[in-house]
Amino acid sequence: MDGPPPLPLREQKMNSEEKSFLLPKGPSRLPVSGLRLKRPASDENEPPKVDRKRARGPLDPTKRGGPVTAAPSFPKPPPAAPGLRSHRQAGGRRRSSTRTRGTAGVAGPSITAGSRRTVAAAAPKPAAAPAAAGGGEKKRAPWDLKGQVSDLRAKVGTYKEKAQGLAGENEALRQRLNQLEGELKQATARNQQLEGQNSVLALELQTCQAQATESLQRVEQLVEQEQQLQETIKSQSQTIRELESAGRKAREAKEDLAAQLEAREAELRLAQESLARQAQENEALAARKTQLEQKLHESEMERRSLHNAVQELKGNIRVFCRVRPLLGSEKEAQKQGVSHLRFPPDDSKSLVLSKAEESHVGRERKEDIVYEFNFDQVFPPSSSQEEVFEEISLLVQSALDGYHVCIFAYGQTGSGKTYTMEGPDCQDPSTAGMIPRAVQQIFRKAREMEAKGWKYHFTANFLEIYNESLRDLLVLRPERGSELEIRRVSQCTEELHVPNLCYVPVASEQEVLKLLQRAKANRSVAKTNLNERSSRSHSLFQLRIEGHNANRELHTSSVLSLVDLAGSERLDKSLSTGDRLKETQAINSSLSNLGLVITALSNKEAHVPYRNSKLTYLLQNSLGGNSKMLMFVNISPSEENFAESLNSLRFARKVNECVIGTASNRK
């Protein structure tokens, strides 16, 4: 369509708003120029007559926006709504036709006049002018300026509503326009992409055509050659078929070999990559292992130091008291049980002995005499072998850490020393003594230490001190040689050894248990008035422990000594004579020398009489320095042995008061 392009909706809205500003904003009580009414002088109460003007013809409501009251002083509002709607529809048709022509070659949605008309039809239509709706509305008098102003305000409100509706319609069309413009951009981009693909495909088509042309030329050349060689082929067809068959087989074999080669190369590449990754992982693991080993070593050294500090705080010399149960014959003679022994329920380290004291006349009975003793641990008759060993297991660990450890049982004959140290003759794990349990723990812990880089070698020996002479319990009696003597390893060390003694390398606890059974069969025992099977010698089992850590260049050497001392006896009760008398005297003498050594250590004397007895001389390394020593004082529950039990407990208390090593506090 020809003609000037339509104005944008925004401009149309602005024009309508500018025109609406020409209307009066509100009624005014001031006189308006040109509207001065003339009143006749004859009648002041009549309304003024309005000057009638010549009518110019009927007003067209479709062109003027409806009838308007004749007010000479107010301009008429322009008919914005109908003209704006027709102008917008016409402009929309022109824009849609233009846009259709611009995007004819683009795939995608296009803006058509129909869509514009649909949007315009969906917009709300402005309400009709009040005058047109009313039809027969009465015309106001010329002097009713306030009413005319009110009518004009109503019309202005109507026009504003129309303008707002048109503004909303304009905004909806603007949003639709933005949406269609976005779709147009997407379609344009898609078109450009398809054109690029079309160009690539065209280039590929040209390449294929060139290749086809080249192939066609080759085919023509081959056809010519084929025509030239047809005669030769006819004469040699059989040979060619055979060669072709062989060639096919060769090609198949070659293809198979090529495929196998590719597969092997792929496997080789994968293997090389895997090997490289594993090498990197191994390096990382090696570094991590070194770090963990260093941390583990530091932790192990710290554990050893803390463990030794704890043991020294507990005391390098400790005393445990154990009371055996009553035997069958003792239960019949002692109906009241062990009433003279009392174990405080809230204190596992105390033992109380009480004895009834009668007057010399025999008519009065004095109060019971009470003897209280405190030790590191007291085990009542109900204690099991396992409970006792739990208390000494930490000392056994100290032997594996490189400290000399000595555990011995002391007490009168028949108090249960051999049962505590070795256990009964039957091979029952629940009643095994301290020696087999300690050996089992040593080997178990040694296997655990292998993960930390430690290797251990063990050497065992078993001897007895009988009448102040040394006997090897691992050698049969007919094969015994000369008497054994104690010697120093060298002049620069206090380490002792016994030449010609049988030292047996052992690698497991089973081997050690076999040695214990052999030594037990060879030990000197005899029947006395106090014990049917009394040990007549001190038995000494020693396990030398050599530890090596090659990675850290560390070495430890220690000896675990487990001693079952012979029982002390009173000659007036044992009535020993002959050989039994000599044995009793030797036993009591060595035990007395052990008491002198303990007293010297307790008093911190400069000279300690270790050499007064073979027993103390052998235990010299385990009684001094930073070595650990534990003494079991075994007590008989029989009341008739009250005096011997009291003497044993007093000696044990003296041992418990002794302090050796670097510990400054006992408990």
Side-chain angles (χ1 to χ4, degrees), residues 315 317-327 330 334 338-343 348-355 369-381 383 388 391-392 406-421 433-434 528-531 534-539 563-574 576 583-599 601-602 613 615-616 619 623 629-658:
I317 294 182
R318 277 178 276 175
V319 176
F320 289 172
C321 177
R322 187 178 189 185
V323 181
R324 68 167 175 80
L326 286 171
L327 301 178
E330 293 173 343
Q334 198 166 313
V338 290
S339 58
H340 64 290
L341 296 175
R342 186 163 56 87
F343 305 92
S348 62
K349 299 181 179 181
S350 298
L351 174 65
V352 179
L353 274 69
S354 61
K355 182 179 180 182
I369 301 176
V370 178
Y371 302 92
E372 295 183 0
F373 295 93
N374 292 312
F375 301 105
D376 293 277
Q377 192 69 30
V378 175
F379 298 98
S383 300
V388 175
E391 297 295 331
I392 71 170
C406 177
I407 301 174
F408 64 90
Y410 174 85
Q412 69 181 104
T413 181
S415 59
K417 299 184 300 300
T418 304
Y419 177 85
T420 298
M421 297 304 295
M434 303 301 107
T528 65
N529 291 339
L530 299 177
N531 191 358
S534 175
S535 300
R536 311 310 295 167
S537 64
H538 307 301
S539 68
V563 186
D564 179 16
L565 297 177
S568 60
E569 296 181 1
R570 294 183 62 178
L571 294 177
D572 57 347
K573 286 189 176 183
S574 64
S576 300
E583 293 170 354
T584 302
Q585 292 174 346
I587 292 171
N588 292 338
S589 175
S590 62
L591 294 177
S592 298
N593 288 322
L594 177 62
L596 294 176
V597 170
I598 296 298
T599 302
L601 291 173
S602 179
S613 169
L615 174 64
T616 55
L619 298 179
L623 296 178
M629 187 187 75
L630 172 67
M631 185 184 80
F632 280 103
V633 52
N634 292 79
I635 300 300
S636 171
S638 178
E639 290 185 2
E640 63 179 0
N641 295 325
F642 185 89
E644 289 79 2
S645 299
L646 185 61
N647 292 333
S648 299
L649 292 174
R650 287 172 174 172
F651 175 75
R653 180 166 55 187
K654 185 182 296 184
V655 174
N656 199 31
E657 294 173 354
C658 181

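What you see is a predicted model, and the numbers here were worked out from it, not measured in a lab. Heads up: numbering here begins at 1 and tracks the sequence. Just so it is clear, the values below take in all heavy atoms, side chains as well, and ignore hydrogens, waters and symmetry mates.
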Would you indicate whether the side-chain heavy atoms of [Y] and [X] approach each other to under 4.5 Å?
X	Y	answer
Phe320	Met631	no
Phe373	Leu646	yes
Tyr371	Ser354	no
Val370	Lys355	no
Asp564	His538	no
Ile598	Met629	yes
Phe375	Arg322	no
Leu353	Phe642	yes

Drop me the distance from [X]'s [atom1] to [Y]'s [atom2], to the nearest 0.5 angstrom.
X	Y	atom1	atom2	answer
Leu594	Leu565	CG	CG	6.5 Å
Glu639	Leu341	CD	CG	8.5 Å
Thr413	Glu644	OG1	CD	10.5 Å
Leu649	Glu372	CG	CD	12.5 Å
Thr420	Met434	OG1	CE	6.5 Å
Glu391	Ser383	CD	OG	9.5 Å

| task | Carefully, step by step, assess Cys406 and Leu630 under the rule side-chain contact (heavy atoms from CB on, under 4.5 Å). | result | CA-CA 6 Å; Cys406 177; Leu630 172 67; over 6 Å; no
By side chain to side chain contact (heavy atoms under 4.5 Å, CB included) - contacts of [X] (at least two apart):
X	answer
Ser613	Glu468, Ser590, Asn593, Leu615, Thr616
Arg342	Val352
Ser415	Gln412, Lys417, Asn634
Ser348	Gln377

Trace of the side-chain contact (heavy atoms from CB on, under 4.5 Å) decision for Tyr410 with Val655: CA-CA 11 Å; Tyr410 174 85; Val655 174; over 6 Å; no
Which atom names give the shortest non-hydrogen contact between [X] and [Y], and what distance separates them?
X	Y	answer
Asn656	Asp376	OD1-OD2, 2.9 Å
Ser537	Ala566	O-CB, 3.5 Å
Val319	Ala652	CG2-O, 3.6 Å
Leu326	Pro637	CD2-CG, 3.5 Å

- Task: Please identify each residue that fulfils side chain to side chain donor-acceptor pair (under 3.5 Å) with Ser539, with sequence neighbours left out.
- Result: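 Checked Ser539 against side chain to side chain donor-acceptor pair (under 3.5 Å); matches are Arg523.
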Suppose we screen for side chain to side chain donor-acceptor pair (under 3.5 Å). Which residues come up paired with Ser350, at least two apart in sequence or across chains?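 Only Asp347, Asn374 meet the side chain to side chain donor-acceptor pair (under 3.5 Å) criterion with Ser350.
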Next on the checklist: According to ring-ring contact (aromatic ring centres under 6.0 Å, His included), who are the partners of Tyr419, at least two apart in sequence or on a separate chain?
Outcome noted: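 Partners of Tyr419 by the ring-ring contact (aromatic ring centres under 6.0 Å, His included) criterion come out as none, since no residue qualifies.
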* To do: Report the residues that fulfil ring-ring contact (aromatic ring centres under 6.0 Å, His included) with Phe408, sequence neighbours left out, ordered by chain and then residue number.
  =>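 Not a single residue meets the ring-ring contact (aromatic ring centres under 6.0 Å, His included) criterion with Phe408.
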- List the steps and the verdict of side-chain contact (heavy atoms from CB on, under 4.5 Å) for Phe651 and Leu591. CA-CA 10 Å; Phe651 175 75; Leu591 294 177; over 6 Å; no
| request: Verify, without hydrogens or angle tests, whether Ser589 (side chain) and Gln585 (backbone) share a donor-acceptor contact under 3.5 angstrom. | output: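 No, Ser589 side chain to Gln585 backbone: no donor-acceptor pair under 3.5 Å.
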